[in-house]
Amino acid sequence: MFGVSMRTLISPSLSPFSLHLHHHLPKPSLFSTVLRFSSSINNNTKSPKNSPRSAISTVKSQNTASSSSPLSFSPPGEIHVVVGPMFSGKTSTLLRRILAEKLTGKKIAVIKSNKDTRYCTESIVTHDGEKFPCWSLPDLSSFKERFGTEEYENRLDVIGIDEAQFFGDLYEFCREAADKEGKTVIVAGLDGDFMRRRFGSVLDLIPIANSVTKLTSRCEVCGKKASFTMRKTEERVTELIGGAEVYMPVCRNHYVCGQSVLETARAVLDSSSTKTPDVVVASSL
Ligand SMILES: Nc1ncnc2c1ncn2[C@@H]1O[C@H](COP(=O)(O)OP(=O)(O)O)[C@@H](O)[C@H]1O
Ligand SMILES: Cc1cn([C@H]2C[C@H](O)[C@@H](COP(=O)(O)O)O2)c(=O)[nH]c1=O
Ligand SMILES: [Zn+2]
């Protein structure tokens with residue numbers, strides 16, 4: 001990772017939600033009554049004295065059990081989104097954050113798309129070779145059942161998702177996990193494809209995210225900060241698995257120059273492929 005620019009889109013202290021609560025709601029409001037009711041349930045909960053894990057599990061089971069009540073208030077989870085071009089350190093950042101959560105005693109799981117078979121199917125692997133075991137899946141909706149529904153609901157705290165651009169059900173999974181199941185979800189993926197078009201549904205998470213981080217790499221041409229990924233080959237399909245042999249990180253200037261160079265090259269290739277055979281034979285002699 002060469003540079004990081006962090007934009008927290010929702011500041012908890014200034015959220016419309018808290019302003020609304022302070023200035024417009026009659027007191028006591030139904031909402032604050034629900035909050036007090038719910039917190040008194042949790043305060044009366046006797047957690048086992050042994051491990052922090054047991055305490056976490058107890059609170060989570062309580063929340064799951066009470067989630068069917070119309071007056072219940074589950075503690076919300078969180079969604080953190082990490083985007084950027086290829087080689088910008090998205091997987092490294094995901095790994096670092098996941099390990100930090102693990103160190104605090106949280107139970108974690110990492111999922112990556114099974115479309116990405118570049119290094120290893122059972123681990124997320126950074127371009128620097130760091131590894132962490134993961135679930136390699138075709139979609140996210142099957143994760144809960146594969147992980148074990150009871151284990152998922154009562155003990156899992158943090159879910160990391162790598163190569164998020166490849167998951168069609170990303171938005172629904174993250175919203176459900178954070179809003180209804182109290183999970184912290186850390187999502188790493190490409191915001192844009194090689195044409196700088198939105199990639200998959202990563203960008204759809206922004207309105208429901210707690211934080212969004214866009215990383216930069218280093219432009220392979222000039223060394224300045226790179227925010228885009230250039231494809232070096234002729235393929236035009238959106239999804240094309242590959243590494244440095246196919247893609248390179250570039251700055252805006254070299255993305256624009258590179259696109260026009262590629263377009264010129266394509267035009268030359270296209271025109272040469274329409275030449276009559278005798279011309280091709282003649283020129284190749
Ligand atoms: N061709 C390359 N261009 C830039 N960085 C590279 C390249 N090859 C390997 N790297 C390394 O990749 C690291 C980022 O790896 P990773 O976290 O897997 O990135 P991402 O998930 O964003 O693709 C960089 O810190 C750099 O050391
Ligand atoms: C730009 C771009 C990338 N891909 C593929 C190439 C890689 O397999 C992954 C990205 O991996 P990384 O962890 O961000 O290095 O996505 C693609 O299919 N289409 C594209 O346009
Ligand atoms: Zn450049």
Side-chain angles (χ1 to χ4, degrees), residues 1-6 80-100 110-140 160-168 170 186-203 205 212-263 266:
M1 174 184 28
F2 299 100
V4 179
S5 64
M6 165 79 95
H80 299 281
V81 183
V82 182
V83 295
M86 288 181 67
F87 311 104
S88 61
K90 300 181 298 298
T91 305
S92 311
T93 302
L94 173 65
L95 197 52
R96 206 171 45 245
R97 291 192 185 180
I98 283 286
L99 291 175
V110 179
I111 308 168
K112 78 165 182 189
S113 164
N114 69 357
K115 287 182 183 168
D116 193 345
T117 49
R118 273 176 298 171
Y119 297 107
C120 166
T121 49
E122 283 102 40
S123 298
I124 53 164
V125 185
T126 72
H127 291 296
D128 294 322
E130 288 173 283
K131 278 185 174 189
F132 192 82
C134 75
W135 296 75
S136 184
L137 300 178
D139 53 52
L140 294 165
I161 301 174
D162 201 13
E163 304 298 343
Q165 70 276 3
F166 292 132
F167 287 114
L170 182 71
I186 307 170
V187 180
L190 292 169
D191 47 333
D193 68 3
F194 72 107
M195 295 292 286
R196 300 191 302 182
R197 297 170 299 208
R198 60 187 301 129
F199 203 163
S201 45
V202 176
L203 295 184
L205 293 178
V212 180
T213 305
K214 177 144 180 171
L215 303 172
T216 53
S217 185
R218 187 71 76 191
C219 176
E220 223 169 273
V221 185
C222 69
K224 289 189 182 152
K225 281 187 179 179
S227 302
F228 314 110
T229 311
M230 173 110 87
R231 186 180 281 173
K232 303 177 192 174
T233 63
E234 283 297 304
E235 285 92 341
R236 311 296 284 166
V237 286
T238 302
E239 293 186 5
L240 178 68
I241 304 303
E245 73 291 358
V246 183
Y247 297 100
M248 63 190 214
V250 282
C251 69
R252 185 179 300 276
N253 189 23
H254 287 110
Y255 181 86
V256 175
C257 294
Q259 285 307 112
S260 60
V261 169
L262 283 173
E263 269 153 33
R266 276 182 202 120

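For ligands, and for the atoms within them, numbers begin at 1 and follow the listed sequence. No hydrogens, no waters, no symmetry mates; every other heavy atom, side chains included, goes into these values.
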Shortest protein heavy-atom distance from atom 7 (C) of ligand 2, along with the residue and atom involved: G242 O, 3.4 Å
Side chain, backbone, both or neither: the part of P85 lying under 4.0 Å from ligand 1 by heavy atom: backbone
Short side-chain to backbone donor-acceptor contact, S123 and V125, under 3.5 Å: no
Exam field: side chain R252 to backbone V256, donor-acceptor pair closer than 3.5 Å: no
Sidechain-backbone polar pair: K112 side chain, I161 backbone, donor-acceptor under 3.5 Å: no
Heavy-atom pair with the smallest gap, counting every atom of F87 and G243: CZ-C, 3.9 Å
Validation row: S88, T216 side chains within 4.5 angstrom (heavy atoms): no
Heavy-atom check, side chain of T91 versus side chain of K131, under 4.5 Å: no
Shortest non-hydrogen contact from L240 toward Y247: O-OH, 2.6 Å
In the protein, N/O/S atoms that are found under 2.8 Å from the Zn ion (ligand 3), waters not counted: C219 SG, C222 SG, C251 SG, H254 ND1
Minimum heavy-atom distance S113-F166, with the two atoms named: OG-CB, 3.4 Å
Heavy-atom side-chain contact between V110 and W135 under 4.5 Å: no
Minimum side-chain heavy-atom gap I111-F167 below 4.5 Å: yes
Contact check, side chains of L215 and V83, non-hydrogen atoms, under 4.5 Å: no
Nearest non-hydrogen protein atom, atom 15 (O) of ligand 2: H127 NE2, 2.8 Å
Within 45° cone of F199 ring axis and under 6.0 Å: R196 NZ or CZ: no
Any side-chain heavy-atom pair of E130 and L95 under 4.5 Å: yes
Contact with ligand 2 for M195, non-hydrogen, under 4.0 angstrom: no
Test item, R231 contacting ligand 2 (heavy atom, 4.0 angstrom): yes
Any G84 heavy atom less than 4.0 Å to ligand 1: no
Protein residue, atom and distance nearest to atom 11 (O) of ligand 2, heavy-atom basis: R118 NH2, 2.9 Å
Atom 14 (O) of ligand 2 - nearest protein heavy atom and its distance: K90 NZ, 2.9 Å
I241 N/O under 3.5 Å from ligand 2 N/O: no
Side chain, backbone, both or neither: the part of T238 lying under 4.0 Å from ligand 2 by heavy atom: backbone
D193 and ligand 2 - part of the residue with a heavy-atom distance under 4.0 Å: both
Sub-3.5 Å N/O-N/O distance, M86 and ligand 1: no
Per-atom contacts, ligand 2 versus F194 - under 4.0 Å to a heavy atom: 1 (C), 20 (C), 21 (O)
Nitrogen or oxygen atoms of F87 and ligand 1 under 3.5 Å apart: yes
Nearest-neighbour protein heavy atom for atom 13 (O) of ligand 2, which is reported as residue plus atom name and distance: E163 OE2, 2.7 Å
Closest protein heavy atom to atom 5 (C) of ligand 2, given as residue, atom name and distance to 0.1 Å: L240 O, 3.5 Å
Numbered atoms and elements of ligand 2 in range of T229, under 4.0 angstrom, heavy atoms: 1 (C)
Test applied, side-chain contact (heavy atoms from CB on, under 4.5 Å); reference residue, M248; option that passes from H254, M86, E220: E220
Contact check: T126 vs ligand 1, nitrogen or oxygen atoms, below 3.5 angstrom: no
K115 and E239 ion-paired at < 4.0 Å: yes
Contact partition for E220 relative to ligand 1, non-hydrogen atoms under 4.0 Å: side chain
Element-labelled atoms of ligand 2 that are located less than 4.0 Å from some non-hydrogen atom of Q165: 9 (C), 10 (C), 16 (O)
R218 side-chain N/O to G223 backbone N/O, donor-acceptor pair under 3.5 Å: yes
Contacting atoms of ligand 1, where contact means under 4.0 angstrom from a heavy atom of S92: 15 (O), 16 (P), 17 (O)
Contact atoms of ligand 2, heavy-atom distance to E239 under 4.0 Å: 18 (O)
Atom 2 (C) of ligand 2: nearest protein contact (heavy atom, Å): Y247 CE2, 3.5 Å
Interfacing atoms of ligand 2 (cut-off 4.0 Å, heavy-atom, F166): 5 (C), 16 (O), 18 (O)
Which residues share a salt bridge (charged side-chain N to carboxylate O under 4.0 Å, His left out) with E245, sequence neighbours left out: none
Partner of D191 under side-chain hydrogen bond (donor to acceptor under 3.5 Å, both in side chains), chosen from K214, K90, Q165, R198: K214
